[in-house]
Number of protein chains: 2
Amino acid sequence: MMDDRKQKVLWAIVHDYIATAEPVGSRTIAKKYRLGVSPATIRNEMSDLEEQGFIEQPYTSAGRIPSERGYRYYVDFLMRRQELSKEEEDLIRREYKVKVRDVGQVIQRTGQLLSQLTHYTAMVLPPRIGISSFKHVQIVYMHQSQAMLIAIMDNGTVQHRLIEIPESITAMDIETISKVLNAKLQGQAMKSIKLNLVKDIFSELARHRHILDLVMELVQESLTLEFEDKIYLGGVFNMLNQPEFRNVERIKTMLSIMEQEKLLCNLLEGGTGDEGVTVRIGGEIDQWNIKECSMITAPYSIRGRKMGFIGVLGPTRMEYAKVISVVDYMTKYLSQTLEQVIRGRRK
Amino acid sequence: MMDDRKQKVLWAIVHDYIATAEPVGSRTIAKKYRLGVSPATIRNEMSDLEEQGFIEQPYTSAGRIPSERGYRYYVDFLMRRQELSKEEEDLIRREYKVKVRDVGQVIQRTGQLLSQLTHYTAMVLPPRIGISSFKHVQIVYMHQSQAMLIAIMDNGTVQHRLIEIPESITAMDIETISKVLNAKLQGQAMKSIKLNLVKDIFSELARHRHILDLVMELVQESLTLEFEDKIYLGGVFNMLNQPEFRNVERIKTMLSIMEQEKLLCNLLEGGTGDEGVTVRIGGEIDQWNIKECSMITAPYSIRGRKMGFIGVLGPTRMEYAKVISVVDYMTKYLSQTLEQVIRGRRK
DNA sequence: TTTAGCACTCAGTGACATAGAGTGCTAACA
DNA sequence: TGTTAGCACTCTATGTCACTGAGTGCTAAA
């Protein structure tokens, strides 16, 4: 049913269409890909492939373009990964060598690299803070009714927020509270903060219940809101050079999707969830009206724990062979870099 | 030279073109704006106005559109400000009433509001940290070769970065350093940190010169880089609904400008620098290939000190009357809100 | 000074013909 | 039986042409 020659023809169609964005005709294949048969034969094969749903015609008597199913078959069986070039690897290595000053910075740089290497839109989800644990908690008195609550996590992120305090509390009080919080929270993961711990702190801080409420609120919010919704995008306008965006309407829908961070986070996290690179093609992204787009995503992890995701969004007519390699390579590099940042094993 | 009727005609042309984005003909003006004269008369006036450079024809025998000079005259002499509606004021008040957790959050919300109210792209420059002074400095030990340096400024912003430390330094040492830094830096403005202060710290921390270097580096970088380049954009894709962006090429140049934060900062800061709202039309933005765009910017200040800028970028065919009011109103509201945040006078 | 009238210009639109790419089918061929 | 050459057919893209309508500029009359 899918003999060798048919595979070759399908491969040629997908390959050529990815390169040119033009429907591919039988003559083109015969000439460019030297299968040793005439256009007429290839036409027959194409007819079969169309019947099986791997390719389609935009209109009668145009060339063929791959269907989503065709891309899927290509990705699963036909494509051979296109490893990164020496220059590209060098570029990545150089970028990551710069002194790290901040986890956010690493994330951002990853996004930039990803879009630069693929020419599509890159998305990076920062490490979830829920999983990491407190390194240090500090409350800083600002003025009579306000203080700044700062939590430093062991993955190198910093959370902060302003809190209102009753005027009766003095700078001294705040220091006491800081100390207690530190003693209790240090080393605890955000997630693992449970009732008994809270009770513990409560008893020690009976006088300052109000502050405590606020702290717990911060913990809560940090966990659910603040960071989860943040996502780094890179090279959104890169994509506009793709010929599929000659149409203004499509640019608009695209960009309006890009402005909805929550949606994007869901998309990124929606990969099959297992280890490696996930490829979703067209309708396989079961979200919204994101049509004719594909996503390639992968989780990165630190010490074996999945911390976040990186991904690339592009048209279905995407250079899968290349992008898959890049994403794979980058997750590894990112995991490694973050691990060094966090454990301090930088040379 | 610019009699009353000519002004009325110019006003009508600008007004109508802003509303419709179509070249305005003499007949339209006669019908819509009831000047009590025939189209022929208006044609004569238009001919004069064109000679004086206030309007132009896209091609022979089309209607007229305002030239940059025409817009300028409109903004300076003809336009009457269009105050905000009750609903809009309510919207702003409601948005700012939400509990403030962070200066960045206020900035972001301002950007959103600005774009929502104007339908153009909003830009907000956060308060410069250079001007604000240290409230608290803290170094937190992370592990044997790394520490986190945190600076809380009195305007409610927090700077942090990872620093490498020699392994010989203990957690104890770090605490000592923290204390010294706090004692010396507290209340000092970033900008005002001068050599003698540094020397002072040096002598007390002779043992830990390395750390000190890093701290000074942070100060430096924070001052020049980190925050200055950050800018909040809102509603970039809002603009794409403007008919001038039916052309894909223009979308691309637009977006590529939007991705260059530094350029945008310069643009924002490039206002005439005096108190109120600055309007720059087309070529008056002496930057790049930003053609056919206008900017309306204004500084906001805290306790009389200029802290940052907000602005709106849109096509030259912009609703000046409306946007000027909105920008003016928002600076006042923003100044007020930030003042409350920082001084803690929130009710 | 204003207005009516008229000739002129030019973008936009629809009708039409043409070229070119590509297909599907049939019949001949190995 | 699989492959190929040939040919008619389909459909898009492109270019031409004429027509329409909005708008102007000019002239002469009010």
Side-chain angles (χ1 to χ4, degrees), chain A residues 1-10 12-17 19-67 70 243-244 246-247, chain B residues 1-10 12-17 19-67 70 243-244 246-247:
Chain A
M1 189 131 206
M2 199 65 176
D3 59 20
D4 191 55
R5 196 173 61 196
K6 258 195 193 55
Q7 292 199 340
K8 275 191 182 134
V9 171
L10 179 54
I13 292 174
V14 176
H15 186 86
D16 208 72
Y17 185 65
T20 64
E22 298 287 328
V24 190
S26 54
R27 230 176 84 87
T28 315
I29 296 183
K31 258 198 306 191
K32 266 210 230 169
Y33 294 86
R34 321 202 148 282
L35 301 190
V37 290
S38 76
T41 311
I42 293 177
R43 277 206 286 284
N44 290 330
E45 299 286 23
M46 284 163 95
S47 200
D48 291 355
L49 283 169
E50 182 163 15
E51 211 170 318
Q52 292 169 67
F54 290 114
I55 57 181
E56 44 196 35
Q57 270 180 306
Y59 50 87
T60 333
S61 90
R64 303 304 214 291
I65 61 174
S67 67
E244 15 272 288
R246 257 170 310 186
N247 172 339
Chain B
M1 189 125 205
M2 198 64 175
D3 59 20
D4 191 54
R5 196 174 60 194
K6 258 196 194 53
Q7 292 199 339
K8 275 192 181 133
V9 172
L10 179 55
I13 292 174
V14 177
H15 187 85
D16 208 72
Y17 186 66
T20 65
E22 298 287 328
V24 189
S26 55
R27 229 177 84 87
T28 314
I29 296 183
K31 258 199 306 191
K32 269 209 229 170
Y33 295 86
R34 322 203 148 280
L35 301 191
V37 291
S38 77
T41 311
I42 293 178
R43 276 206 287 286
N44 290 330
E45 299 285 25
M46 284 163 94
S47 199
D48 291 355
L49 283 169
E50 180 162 16
E51 212 171 318
Q52 292 168 65
F54 290 114
I55 56 181
E56 44 197 36
Q57 272 180 307
Y59 50 87
T60 332
S61 89
R64 302 305 213 293
I65 62 176
S67 66
E244 16 272 289
R246 258 170 309 188
N247 172 339

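Below, chains carry the letters A, B, ... as their sequence lines are ordered, and counting in each starts from 1. The figures that follow rest on heavy atoms only: side chains count, while hydrogens, waters and symmetry mates do not.
What you find for Met46(B) and Val24(B) is that their closest heavy atoms are CE-O, 3.6 Å. Of all heavy-atom pairs spanning Glu50(A) and Glu56(A), the tightest one is OE2-CA, 4.1 Å. Closest heavy-atom contact between Met2(B) and Leu49(B): CE-CD2, 3.9 Å. Minimum heavy-atom separation, Pro58(A) to Ile65(A): CG-CG2, 4.4 Å.
Atom CZ in Arg43(B) sits roughly 8 Å away from atom C1' in dG23(D) (whole-Å rounding). Taking atom CD1 on Ile42(A) and atom P on dG2(D), their separation rounds to 17 Å, with Å as the unit. Counting to the nearest Å, the P atom of dC11(D) and the CD atom of Glu22(A) are 19 Å from each other. Atom CE in Met46(B) sits roughly 9 Å away from atom C1' in dT24(D) (whole-Å rounding). As rounded to whole Å, 13 Å separates atom C1' of dG24(C) from atom CG of Asp48(A). Nucleotide dA13(D) holds its P atom 6 Å from the OH atom of Tyr59(A), rounded to whole Å. One interatomic measurement links the two molecules: CG of Asn44(A) to C1' of dT4(D), which rounds to 10 Å at whole-angstrom precision. For the pair Glu50(A) CD and dG22(C) P, the computed distance is 15 Å after rounding to whole Å.
Between Thr60(B) and dC10(C) there is a side-chain polar atom (N or O) within less than 4.0 angstrom of OP1 or OP2. Applying the 4.0 Å criterion to OP1 and OP2 of dA21(C), one finds that Arg64(A) has every side-chain N and O outside that range. Distances shorter than 4.0 Å separate some side-chain N or O of Thr41(B) from OP1 or OP2 on dT3(C). Listed pair Ser38(A) / dT3(D) fails the phosphate criterion, with no side-chain N or O lying under 4.0 Å from OP1 or OP2.
When the nucleotides dG25(D), dT3(C), dT23(C) are ranked by their closest atom to the side chain of Ser47(B), dG25(D) comes out on top. Distance from the side chain of Thr28(A) is smallest for dG22(C) among the nucleotides dT2(C), dG24(C), dG22(C).
A donor N or O paired with an acceptor N or O is not found under 3.5 Å between the base of dG22(C) and the side-chain atoms of Arg27(A). The base of dT9(C) is paired with the side chain of Ser61(B) by a donor and an acceptor separated by under 3.5 Å.
Judged as a side chain to side chain donor-acceptor pair (under 3.5 Å), the pairs with a partner in residues 19-31 of chain B (not counting sequence neighbours) are, in order, Ser26(B)-Arg43(B).
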